[in-house]
2 protein chains.
Amino acid sequence: MATTRDRQLVEQWRSIQNSYFRTAGAIDRALEAKFDIGLNEFEILDLVADSEESACRMKALGERTPMTQSAVSKVVDRLEKAGLVSRQTCVDDRRSLFLELTEAGRALHSSAAVEHRALLAENLG
Amino acid sequence: MATTRDRQLVEQWRSIQNSYFRTAGAIDRALEAKFDIGLNEFEILDLVADSEESACRMKALGERTPMTQSAVSKVVDRLEKAGLVSRQTCVDDRRSLFLELTEAGRALHSSAAVEHRALLAENLG
DNA sequence: TCAATGTATATGACGCGTCATTCAATGACA
DNA sequence: TGTCATTGAATGACGCGTCATATACATTGA
């Protein structure tokens, strides 16, 4: 029952998987080694960094990443513990939070972003 | 310092991530719901199914998937516990194992593969 | 033949993501 | 205004993947 079409699909899928894992793995290892944060932490940092206006952001973050709401919450926990980000309560809606980079967070982000972009370029051609 | 090139890279990367997660998630949920196995279990089953000659395979499997050796070992544990696969010791080299689909494994694989291919087609266009 | 070294798999501790649930605040509407 | 549903976020239990290691077998070479 395995049609040629099927084989093509499977091949295409394996190649996507490989390039995804290769790229994600390379970035993750590099960031871990040089900046002591993982890929997901960086992604959140990166999202916060490029939405510099202060909206109520936890929620918005969840919509810009494939991560679960609860995953985002835990990533932010770690970032906060590491002193890179701080949670600000939101006056309009006291259930919401928005995030701010600390000085340290801003500094780390700008170095890490260079590395991140370089590895993307290298892996995505 | 964010060049246009950087933004393009990041966009490209986010789109890869999204399509990877969307596809993997859809397949995983469907297989879980209908056949009670996860995506990684299916991938191993699928690899075993299409290398029908009996070589010493655990090792070979590791080379055809981004999974770690130890991940493969645990996936196979689960498949074996579920009665879908059996580990055969290898006479030539008693460190090695090769895998065989059981009847149940073969049956499940052929139904699940249909679902898998359909979801790939749907998600990869 | 006997170290020493290498190779195939298994295992345990650990970190992270997910799901289900919880909690607080908000909104809707009688 | 008081109830009821809804929403933003946090939390705990749990499963899985990873890393470092262990174990058993194999190979090399003196």
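Letters A, B, ... are given to chains in the order of the sequence lines, protein chains preceding strands, and every chain is numbered from 1.
From A:Leu84, atom CG reaches atom CD1 of A:Ile37 across 7.0 Å, with rounding to the nearest 0.5 Å. Separating the CZ atom in B:Arg106 from the OG atom in B:Ser110 is a distance of 9.5 Å, to the nearest 0.5 Å. Going from atom CG of B:Leu9 over to atom CG of A:Leu120 covers 5.5 Å, rounded to the nearest 0.5 Å.
Rounded to whole Å, atom C1' of C:dC23 lies 12 Å from atom CZ of A:Arg95. Rounding to whole angstrom units, CD of residue A:Gln69 and C1' of C:dC23 are separated by 12 Å. When the C1' atom of C:dA24 is taken as reference, atom CZ of A:Arg94 falls 9 Å away, rounded to whole Å. Protein atom CG of A:Asp93 is 7 Å distant from nucleotide atom C1' of C:dA25, rounded to whole Å. For the pair B:Ile44 CD1 and C:dT9 C1', the interatomic distance rounds to 14 Å; values are reported in whole Å.
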Show me the side-chain donor-acceptor pairs of residues 28-36 of chain B shorter than 3.5 Å, one per line, residues at least two apart or across chains.
from	atom 1	to	atom 2	distance (Å)
B:Asp28	OD1	B:Leu39	N	2.7
B:Lys34	NZ	B:Glu115	OE1	3.2
B:Lys34	NZ	B:Glu115	OE2	3.0

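With sequence neighbours excluded, the residues forming a ring pair (Phe, Tyr, Trp, His ring centres under 6.0 Å) with A:Tyr20 are B:Trp13, B:Tyr20, B:Phe21, listed by chain and number.
Taking the 5' to 3' direction, DNA chain D first and last meets chain A under 4.0 angstrom from a heavy atom at D:dT7 to D:dA13.
Within 4.0 Å (heavy atoms only), B:Ser70 reaches at least one base atom of the nucleic acid. Backbone-only engagement by B:Ser96 is indicated by non-hydrogen atom pairs under 4.0 Å involving sugar-phosphate atoms exclusively.
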| query | Going through the distances and angles, do A:Ser86 and A:Gln88 end up as a side chain to side chain donor-acceptor pair (under 3.5 Å)? | reply | CA-CA 6 Å; A:Ser86 78; A:Gln88 309 287 136; 2.7 Å; yes
| said: Assess the residue pair B:Met67 and B:Ile44 against the criterion (side-chain contact (heavy atoms from CB on, under 4.5 Å)); give the C-alpha distance rounded to whole Å, side-chain angles, the decisive distance to 0.1 Å, and a yes or no. | reply: CA-CA 10 Å; B:Met67 283 182 255; B:Ile44 293 296; 3.8 Å; yes
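When the nearest nucleotides of DNA chain C are assigned to A:Val91 and A:Ala71 by heavy-atom distance, the more 5′-ward of the two goes with A:Ala71.
Less than 4.0 Å separates DNA chain D from no heavy atom of any residue of residues 15-37 of chain A. For the segment residues 74-89 of chain A, residues with any heavy atom less than 4.0 angstrom from an atom of DNA chain D are, sorted by number, A:Lys74, A:Arg87.
In the hydrophobic clustering of this structure, B:Val114 does not group with B:Phe42; members are Ile, Leu, Val, Met, Phe, Trp, Tyr whose side-chain heavy atoms approach within less than 4.5 Å, directly or through other members.
Within the structure, the salt bridge (charged side-chain N to carboxylate O under 4.0 Å, His left out) test picks out the following pairs touching residues 65-93 of chain B (sequence neighbours left out): B:Glu41-B:Arg78, B:Asp77-B:Arg87, B:Glu80-B:Arg87, B:Asp93-B:Arg95.
B:Asp46 has no carboxylate O lying under 4.0 Å from a charged side-chain N of B:Arg64, or vice versa, which leaves the two without a salt bridge. Using a 4.0 Å cut-off between charged side-chain N and carboxylate O, B:Glu63 and B:Lys59 make a salt bridge.
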